[in-house]
Amino acid sequence: MKYWLMKTEPDTFSIQDLYNSKNHTTSWEGVRNYQARNFMRDQMKKGDLILIYHSSCKTPGIVGLASVTRESHPDRTALDPNSNYYDPKATIENPRWYLVDVKWKETFNKTISLKTLKANPKLQEMKLVQKGCRLSVMPVTKNEFNLILEISKTN
DNA sequence: GCCAACGTTGGC
DNA sequence: GCCAACGTTGGC
């Protein structure tokens with residue numbers, strides 16, 4: 001099993017929105033970055049655990065947990081001219097963009113802020129805290145994942 | 001709203 | 001294939 005972190009802007013789609021989704025589940029639409037897409041398309045497997053991260057908001061940080069419930073399939077919003085995520089280069093034959101389905105698992109009592117993560121000596125290697133990291137889907141090591149779970153319980 | 005750090009595009 | 005210009009992300 002692998003561990004991941006996925007970013008979302010709470011103004012657009014928050015962990016509460018995920019909770020409110022049918023079966024607490026959504027297709028993770030709108031990722032338009034090749035590296036992030038490749039993680040979803042090639043590496044994310046059913047049962048993998050995901051840290052949900054809120055970005056571009058008052059307190060950026062990790063807000064909860066989710067899991068992969070369906071592996072890679074085409075992101076159909078790329079085919080929809082009315083969608084914000086429309087990509088004229090995507091076709092049914094060659095969808096270009098792929099996503100996974102994500103199911104809510106837990107919302108932490110308190111956000112584990114980016115500030116907290118950056119201040120933790122054990123998390124200095126985390127991709128998330130690296131300067132200039134703009135990836136919206138990224139792998140997390142087992143150690144990092146477990147440590148963050150611990151922090152969430154003592155928060 | 002600013003701006004650094006990327007990623008992508010497209011002319012050559 | 002290079003690289004300048006442009007667009008986007010996301011913390012602050």
Side-chain angles (χ1 to χ4, degrees), chain A residues 2-21 26-44 48-68 72-102 104-141 143-145 147-152 154-155:
Chain A
K2 288 202 173 78
Y3 303 93
W4 305 94
L5 182 142
M6 292 175 120
K7 292 181 186 173
T8 184
E9 296 187 16
D11 289 346
T12 306
F13 191 85
S14 69
I15 193 162
Q16 188 60 39
D17 293 324
L18 178 61
Y19 178 82
N20 291 338
S21 302
T26 193
S27 293
W28 205 258
E29 296 171 344
V31 172
R32 295 292 178 268
N33 167 284
Y34 289 106
Q35 235 187 315
R37 176 205 69 182
N38 291 348
F39 284 133
M40 290 200 288
R41 189 188 59 185
D42 306 332
Q43 294 197 41
M44 293 182 84
D48 284 1
L49 292 173
I50 305 162
L51 299 167
I52 301 294
Y53 179 91
H54 280 177
S55 67
S56 295
C57 56
K58 196 169 171 231
T59 308
I62 297 168
V63 293
L65 272 185
S67 67
V68 178
S72 173
H73 53 109
D75 183 347
R76 306 186 64 85
T77 62
L79 302 171
D80 177 4
N82 295 318
S83 168
N84 286 336
Y85 305 129
Y86 177 60
D87 179 353
K89 289 181 183 164
T91 62
I92 291 181
E93 297 74 30
N94 185 10
R96 192 141 108 135
W97 302 109
Y98 292 81
L99 46 68
V100 296
D101 287 4
V102 165
W104 175 90
K105 212 170 164 64
E106 184 183 338
T107 299
F108 297 157
N109 291 328
K110 200 177 144 199
T111 300
I112 305 174
S113 69
L114 180 61
K115 198 177 159 192
T116 301
L117 298 168
K118 280 183 170 169
N120 191 316
K122 291 180 185 164
L123 293 174
Q124 295 309 299
E125 299 296 312
M126 240 191 131
K127 275 194 173 38
L128 180 73
V129 308
Q130 305 298 315
K131 195 174 179 181
C133 176
R134 305 189 318 177
L135 258 187
S136 63
V137 178
M138 69 186 84
V140 173
T141 69
N143 284 341
E144 289 162 354
F145 183 86
L147 180 55
I148 285 161
L149 267 202
E150 253 180 68
I151 295 170
S152 80
T154 56
N155 245 348

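In what follows, chains carry the letters A, B, and so on, assigned in the order in which the sequence lines appear, proteins first and then strands, with residues in each chain numbered from 1. Because the structure is predicted, anything quoted here is derived from the model rather than measured.
Rounded to a whole Å, the CZ atom of A:R134 is 6 Å from the C1' atom of C:dT8. Straight-line distance from the CG atom of A:N84 to the C1' atom of C:dG7: 16 Å, rounded to whole Å. One interatomic measurement links the two molecules: OH of A:Y34 to P of C:dG7, which rounds to 17 Å at whole-angstrom precision. Between A:K115 atom NZ and C:dG11 atom P there is a gap of 14 Å when expressed in whole angstrom units. One can place NZ of A:K118 at 12 Å from P of C:dG10, the figure rounded to the nearest angstrom. Atoms CG (A:L114) and P (C:dG11) sit 6 Å apart, rounded to a whole Å. As rounded to whole Å, 13 Å separates atom P of C:dG11 from atom CE of A:M126. When the C1' atom of B:dT8 is taken as reference, atom CG of A:N33 falls 10 Å away, rounded to whole Å.
With B:dG10, C:dG11, B:dA5 as the candidates, the nucleotide lying closest to the side chain of A:K89 is B:dG10.
In summary, A:R96 and A:D87 engage in a salt bridge, as defined by a charged side-chain N under 4.0 Å from a carboxylate O.
Taking A:W28 as the reference, nothing meets the ring-ring contact (aromatic ring centres under 6.0 Å, His included) condition, with sequence neighbours excluded.
Taking 4.5 Å as the limit, every side-chain heavy atom of A:M138 sits out of range of all side-chain heavy atoms of A:Q130.
In the model, A:T77 has a side-chain atom that pairs as donor or acceptor with a side-chain atom of A:R32 under 3.5 Å.
At C:dT9, none of the side-chain N or O atoms of A:K7 fall inside 4.0 Å of OP1 or OP2 (strictly under the cut-off).
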